[in-house]
Amino acid sequence: MELLFLVLLSLHIAKTATAGDKEWCYLSQLRTQPECTVPHFWDEVNEECGKEKQSPINIVTNKVEYKEDLKPFTFEGYTTDQSSLWLIENNGHTVKVSLSGSAKIGGGGLQNKYNAIEFHFHWGTKLNKGFSPGSEHTIDGERYAMELHIVHRKESFSTTEQAVANQEGLAVLGFFIKTGAKNEKYEPLIEMLNEVGFKGSQKNMTSLPLESLIPDKKNLTRYYRYSGSLTTPNCYQAVVWTVFQEPIILSESQVENFLKLYFSKDKPLPMTDNFRPVQPLGDRIVYHSDVSVVQPPAKALLVVPTLIYILSLLFQ
Ligand SMILES: *[C@@H]1O[C@H](CO)[C@@H](O)[C@H](O)[C@H]1NC(C)=O
Ligand SMILES: *[C@@H]1O[C@H](CO)[C@@H](O)[C@H](O)[C@H]1NC(C)=O
Ligand SMILES: [Zn+2]
């Protein structure tokens, strides 16, 4: 298997040396599109992808730091069924829903308000032996079944081009999706997946309250925060990332509906494993909003033994 991979990879390198404009792709597309650029080489698509503050990352829970500023978010326009239509599309990398309503977020330690502009998903694959998960972020190395990204743009910007030129131009909310009971609230969205099977297909759909797609607000006070990037080319390092601890629950058969989409227009190649591998954290710090789950710093741990030692001297 590894040998096969190496052969494919060297074929890929040989080809890319001569190819001109190449499309970027996920590793799962390499078998049928040997000329495409897999994540390891995305810096050839845009040099930004090779820089030092890239996403996703693995979050190591005993290294995160508590940050008091990370208060609960305020969600505006998340509860209302916006009367506008949503545009759902298969863009050849994911299923993406463009928003035209007025949903926005504030609080959450953000310096500004951010408007919701689109959401999309990342997922894994199904093998004979079971599901292989496909979230982008991992927690202590563990990957969830899927991940939802709701992309928000700083209120003061009117285009994404402006926002990506700013270090905090975008705020992405990341939600893990875990398998469990069927989630009725996702049915209207999942039914639309049939309509956008192939790359380039688009459909209008009745909008839903965004709140119906995420866990209860009460459970969104525990989250991780770090500075990173878009997880697809051009990998702009313009994202304030929030990764919530509480997952969304979907049933296995609901997750399977995403696996029925295709990367392609003509040759039907199932859209699977559309996640980028985790990137080096470098000298960044991941913060957490919840003091109770964060390990006390090493110095605080020393206080107790020191006190006991002093007391033992007194009572000798
Ligand atoms: C969606 O609706 C808008 C406005 O009604 C229309 O202009 C557009 O063509 C529709 N798009 C699709 C893909 O049906
Ligand atoms: C919030 O999370 C807790 C623990 O994970 C769970 O027991 C509870 O049902 C959740 N509440 C809601 C409203 O989802
Ligand atoms: Zn994403």
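As the structure lists them, so they are numbered: ligands from 1, and atoms in each ligand from 1. Each residue takes its place number in the sequence, starting with 1.
Annotation: His288 is not in aromatic contact with Tyr66 [ring centroid separation under 6.0 Å not met]. Residues Phe258 and Phe121 place their aromatic rings such that the two centres sit under 6.0 Å apart.
Atom 11 (N) of ligand 1 is approached by the protein to below 4.0 angstrom, counting heavy atoms only. There is no protein heavy atom less than 4.0 angstrom from atom 5 (O) of ligand 1. Put simply, atom 1 (C) of ligand 1 has protein non-hydrogen atoms near it, under 4.0 Å away.
Side-chain contacts under 4.5 Å among hydrophobic residues (ILVMFWY), followed directly or transitively, place Phe198 together with Tyr262.
Tyr223 contributes atom OH, which lies 12.0 Å from atom CD of Gln245 (distance to the nearest 0.5 angstrom). A distance of 8.5 Å separates OH of Tyr236 from CG of Leu230, quoted to the nearest 0.5 Å. Rounded to the nearest 0.5 angstrom, Lys113 NZ and Lys154 NZ are separated by 15.0 Å.
Counting only heavy atoms of the protein, atom 3 (C) of ligand 1 lies nearest to Asn204 ND2, 3.7 Å.
For the Zn ion (ligand 3), the set of protein N/O/S atoms nearer than 2.8 Å consists of His120 NE2, His122 NE2, His149 ND1, ordered by chain and number.
Residues passing the salt bridge (charged side-chain N to carboxylate O under 4.0 Å, His left out) test with Lys178: none are found, sequence neighbours excluded. Looking at residues two or more places apart in sequence or on another chain, you find a ring pair (Phe, Tyr, Trp, His ring centres under 6.0 Å) between Phe176 and Tyr144.
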